[in-house]
K.L.:
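Input: one structure, supplied below.
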Amino acid sequence: MTKIDPWQNALKQLADAAKILKLDAGVHEMLANPKKILTVSLPVKMDDGRIKVFTGYRSQHNDFRGPHKGGIRYHPDVTIEEVKALSMWMTWKCAIVDVPFGGGKGGIICDPKRLSAGEKERLTRRYAYTISEIIGPGKDIPAPDVYTTGKEMAQIMDVYSVMHGQSEPAVITGKPIPSGGSLARDVATGLGVAYCVREGAKKVGLNLKGAKIVIQGYGNAGTHAAGYIEKMGGKIIGVSDSKGSIVNPKGLDSKKVLEYKNKHGSVVGYPGSKKVSTEELLTTPCDVLVPAALENQITPQIARNIKCKIIAEAANGPTTPEADDVLFQKKIMVIPDILANSGGVCISYLEWVQNLQRYYWTFDEVAGKMEHHIVRGFHDTYALSKKHNVDMRKASMVLAVGRVLEAFEARGLWP
């Protein structure tokens, strides 16, 4: 299978939106290029005494709407093209839910599973020291991503604070609560997906009470999405994890399935369920399908056999561009990842605000503020999809690029 170049994909999505918006060629070119890309060399003393040099990146795509925002990932397959693409997507994601950030992204080429806790901490602190010149509460605010956690965020905050002679929690988000983290962070993505499903159901005339829900992927996003959609009246009939998929048309209890998975290592074997293939899970007749696993799961072949009314993308890039066309023709509402899984960046914004004020809100206050941003983003996207007669993904890009363009036109270029 040919590996998809994320950067070329990001550029194509921008080009599609530019065509609809009739963007000036120069403005299009400006938006197609990150403002700054930093490549850093990271020498780290390993546990055996030898020095190993890692390579890290930080891409800052655009700051017309505010300081850069985006995660830091540790993975052996990190590339500069991937980091550039992710930083561009963060620009659009922040604009869709109308939080005052631009896009950023960072990564280190490493296999975190082969690093000891000490080696990982030394790598994290070296990276924080090396990129400290371009990050800051008003410049660029990183966050966790693939294989990074609140622990690494607290270490980065500590390095930055020591270098600046004062505690500065607003330099980074996704921190543990005692270090200035925000309540609702752990459930943010899944809760945001549930909000989008609720709003989408209203638009397609679906009563969520008793609606059949399939969740592909039962990690953090999938489990919380399942739990919150259940509270809204939905009935979970299928779930999966990396070891397999299960269905039960009569319904599954999301909490009991999670308990079973934690005890046995997989959802497979849950009492009363039937094991099925990934394709069978994705094409199980249902009302709402939530892909919360890997990218490129919904291909044109699978899309032709999908039987649902709404697809809410909790995962990044689960639907191929060709499959999007098939689903649009079938009149299936696809709530794109750039909107559906934006709960994380909403909470990151709210954590940053709390850090700047040194004043912290309750869980319900944070969740309520996040809901406002996501619901507004959904309705603005839906309105544009109808106006331009395009799918929600293209509409979300038109919305995002349009908002960034408004900020650019207000500010202008200097000098």
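Residue numbers run from 1 in the order of the sequence given.
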K.L.:
Verify side-chain contact (heavy atoms from CB on, under 4.5 Å) between E322 and V326, making sure each step is shown before the conclusion.
P.N.:
CA-CA 7 Å; E322 298 79 13; V326 175; over 6 Å; no

K.L.:
Rounded to the nearest 0.5 Å, how far apart are CD1 of I156 and CD1 of I172?
P.N.:
4.0 Å

K.L.:
Decide if atom CD of E29 counts as having more than 12 heavy atoms of other residues, nucleotides or ligands within a radius under 6.0 Å.
P.N.:
no

K.L.:
How about L14 and H28: do any of their side-chain heavy atoms sit closer than 4.5 Å?
P.N.:
yes

K.L.:
Flag the pair D63 and K139 as a salt bridge only when some basic side-chain nitrogen lies within less than 4.0 angstrom of an acidic carboxylate oxygen.
P.N.:
no

K.L.:
Only distances under 3.5 Å count here; give the side-chain donor-acceptor pairs of residues 88-96 to other protein atoms, sequence neighbours excluded, each with its distance to 0.1 Å.
P.N.:
{"from": "W89", "atom 1": "NE1", "to": "Q13", "atom 2": "OE1", "distance (Å)": "2.8"}
{"from": "T91", "atom 1": "OG1", "to": "H61", "atom 2": "ND1", "distance (Å)": "2.7"}
{"from": "T91", "atom 1": "OG1", "to": "S87", "atom 2": "O", "distance (Å)": "3.4"}
{"from": "T91", "atom 1": "OG1", "to": "G103", "atom 2": "N", "distance (Å)": "2.9"}
{"from": "K93", "atom 1": "NZ", "to": "N341", "atom 2": "OD1", "distance (Å)": "2.7"}

K.L.:
Only distances under 3.5 Å count here; give the side-chain donor-acceptor pairs of residues 128-136 to other protein atoms, sequence neighbours excluded, each with its distance to 0.1 Å.
P.N.:
{"from": "T130", "atom 1": "OG1", "to": "R126", "atom 2": "O", "distance (Å)": "2.7"}
{"from": "S132", "atom 1": "OG", "to": "Y129", "atom 2": "O", "distance (Å)": "2.8"}

K.L.:
Taking it one step at a time, do E406 and R65 satisfy salt bridge (Lys or Arg N to Asp or Glu O under 4.0 Å)?
P.N.:
CA-CA 9 Å; E406 287 174 356; R65 287 175 48 86; 6.0 Å; no

K.L.:
Measure the shortest side-chain to side-chain distance between L327 and I311 over non-hydrogen atoms and say whether it is less than 4.5 angstrom.
P.N.:
yes

K.L.:
Would you check, one step at a time, whether the test side-chain hydrogen bond (donor to acceptor under 3.5 Å, both in side chains) holds for T124 with E121?
P.N.:
CA-CA 5 Å; T124 298; E121 178 174 353; over 6 Å; no

K.L.:
Could K235 and E230 be called an ion pair, given the rule that one side-chain N must be under 4.0 Å from one carboxylate O?
P.N.:
no

K.L.:
Out of curiosity, K387 NZ to Y382 OH, how far, rounded to the nearest 0.5 Å?
P.N.:
15.5 Å

K.L.:
Per the side chain to side chain donor-acceptor pair (under 3.5 Å) rule, which among H373, R403, R376 passes with D98?
P.N.:
R376

K.L.:
Does K330 NZ have over 12 foreign heavy atoms under 6.0 Å away?
P.N.:
yes

K.L.:
Tell me the closest heavy-atom pair linking A201 and I310, and the distance in Å.
P.N.:
N-CD1, 3.4 Å

K.L.:
Give the intermediate values and the outcome of side-chain hydrogen bond (donor to acceptor under 3.5 Å, both in side chains) for residues T173 and K69.
P.N.:
CA-CA 9 Å; T173 60; K69 187 84 190 76; 2.9 Å; yes

K.L.:
Please set out all donor-acceptor pairs under 3.5 angstrom arising from side-chain atoms of residues 178-199, sequence neighbours excluded.
P.N.:
{"from": "S182", "atom 1": "OG", "to": "Q354", "atom 2": "NE2", "distance (Å)": "3.1"}
{"from": "R185", "atom 1": "NH1", "to": "S348", "atom 2": "OG", "distance (Å)": "2.6"}
{"from": "R198", "atom 1": "NH1", "to": "E371", "atom 2": "OE2", "distance (Å)": "3.0"}
{"from": "R198", "atom 1": "NH2", "to": "E371", "atom 2": "OE2", "distance (Å)": "2.8"}
{"from": "E199", "atom 1": "OE1", "to": "H379", "atom 2": "NE2", "distance (Å)": "2.8"}
{"from": "E199", "atom 1": "OE2", "to": "K202", "atom 2": "NZ", "distance (Å)": "3.2"}

K.L.:
Looking at every non-hydrogen atom in both residues, tell me the closest pair between A395 and V390 and how far apart they are.
P.N.:
N-CG2, 3.9 Å

K.L.:
Under 30°, 30 to 60°, or over 60°: which ring-plane class applies to H75 and Y147, parallel, tilted or perpendicular?
P.N.:
parallel

K.L.:
Of the non-hydrogen atoms in A314 and V290, which two are nearest, and what is the gap between them?
P.N.:
CB-CG1, 3.9 Å

K.L.:
Using modelled atom types and a 3.5 Å cut-off, is there a donor and acceptor pairing between side-chain atoms of S240 and backbone atoms of Q216?
P.N.:
no

K.L.:
May I ask you to decide whether K105 forms a salt bridge with D145, counting only side-chain N to carboxylate O separations under 4.0 Å?
P.N.:
yes

K.L.:
Can you list, pair by pair, the side-chain donor-acceptor contacts under 3.5 Å of residues 298-306, counting residues two or more places apart and other chains?
P.N.:
{"from": "T299", "atom 1": "OG1", "to": "I302", "atom 2": "N", "distance (Å)": "3.4"}
{"from": "N305", "atom 1": "ND2", "to": "Q301", "atom 2": "O", "distance (Å)": "3.3"}

K.L.:
Does D391 pair with K394 as a salt bridge, N-O distance under 4.0 Å?
P.N.:
yes

K.L.:
Side chains of I141 and H68: closer than 4.5 Å at any heavy-atom pair?
P.N.:
no

K.L.:
So that I can tick it off, tell me whether D5 and K12 are bridged by a salt bridge, with the cut-off set at under 4.0 angstrom between side-chain N and carboxylate O.
P.N.:
no

K.L.:
Go through the steps to decide whether I37 and Q60 satisfy the test side-chain contact (heavy atoms from CB on, under 4.5 Å), and finish with yes or no.
P.N.:
CA-CA 6 Å; I37 305 168; Q60 297 177 331; over 6 Å; no

K.L.:
Could you check whether atom NZ of K307 has more than 12 heavy atoms from other residues, nucleotides or ligands sitting under 6.0 Å from it?
P.N.:
yes

K.L.:
Quick one: do T278 and Q297 satisfy side-chain hydrogen bond (donor to acceptor under 3.5 Å, both in side chains)? Show the steps, please.
P.N.:
CA-CA 9 Å; T278 298; Q297 295 295 292; 5.4 Å; no

K.L.:
Hey, is the main chain of S116 close enough, under 3.5 Å, to the side chain of E119 for a donor-acceptor pair?
P.N.:
yes

K.L.:
Does some side-chain heavy atom of F378 sit less than 4.5 Å from a side-chain heavy atom of M392?
P.N.:
yes

K.L.:
Quick check: do V214 and L281 have side-chain heavy atoms less than 4.5 Å from each other?
P.N.:
yes

K.L.:
Between CE of M157 and CE of M153, what distance do you get to the nearest 0.5 Å?
P.N.:
11.5 Å

K.L.:
Tell me whether E259 is salt-bridged to K263, with the criterion being a basic N under 4.0 Å from an acidic carboxylate O.
P.N.:
no

K.L.:
Identify the heavy atoms of C286 and I237 that sit nearest to each other, and give their distance.
P.N.:
CB-CD1, 4.2 Å

K.L.:
Would you please classify the geometry between the Y160 ring and the H164 ring as parallel, tilted or perpendicular, with 30° and 60° separating the classes?
P.N.:
parallel

K.L.:
Would a 4.5 Å heavy-atom cut-off, applied to side chains only, mark K203 and M333 as touching?
P.N.:
yes

K.L.:
State which residues pass ring-ring contact (aromatic ring centres under 6.0 Å, His included) with F101; sequence neighbours excluded, sorted by chain then number.
P.N.:
Y349, W352

K.L.:
What do you reckon, is CZ of R114 surrounded by more than 12 foreign heavy atoms closer than 6.0 Å?
P.N.:
no

K.L.:
Flag the pair C308 / D287 as yes when at least one side-chain heavy-atom distance between them is below 4.5 Å, and no otherwise.
P.N.:
no

K.L.:
Indicate the atoms forming the closest heavy-atom contact of R411 with F64, along with that distance.
P.N.:
NH1-O, 3.0 Å

K.L.:
Between I177 and Y360, does a side-chain contact (heavy atoms from CB on, under 4.5 Å) hold up when you go through it step by step?
P.N.:
CA-CA 10 Å; I177 298 296; Y360 294 85; over 6 Å; no

K.L.:
Test side-chain hydrogen bond (donor to acceptor under 3.5 Å, both in side chains) on T362 and E365 and set out the steps.
P.N.:
CA-CA 5 Å; T362 65; E365 287 176 312; 3.3 Å; yes

K.L.:
For the residue pair D324 and T319, confirm or rule out a side-chain donor-acceptor distance under 3.5 Å.
P.N.:
no

K.L.:
Restricting to side-chain hydrogen bond (donor to acceptor under 3.5 Å, both in side chains), what partner residues turn up for R58, sequence neighbours left out?
P.N.:
D140

K.L.:
Are the side chains of L21 and L405 in touch, meaning some heavy atoms are under 4.5 Å apart?
P.N.:
no

K.L.:
For S245 and V239, run side-chain contact (heavy atoms from CB on, under 4.5 Å): C-alpha distance rounded to whole Å, both residues' side-chain angles, the deciding distance at 0.1 Å, then the answer.
P.N.:
CA-CA 6 Å; S245 308; V239 300; over 6 Å; no

K.L.:
Specify the closest pair of heavy atoms between P321 and N9, including all atoms of both residues, with the distance to one decimal.
P.N.:
CG-OD1, 4.4 Å

K.L.:
For a quick check under 3.5 Å, do E152 and T149 share a side-chain donor-acceptor pair by atom type?
P.N.:
yes

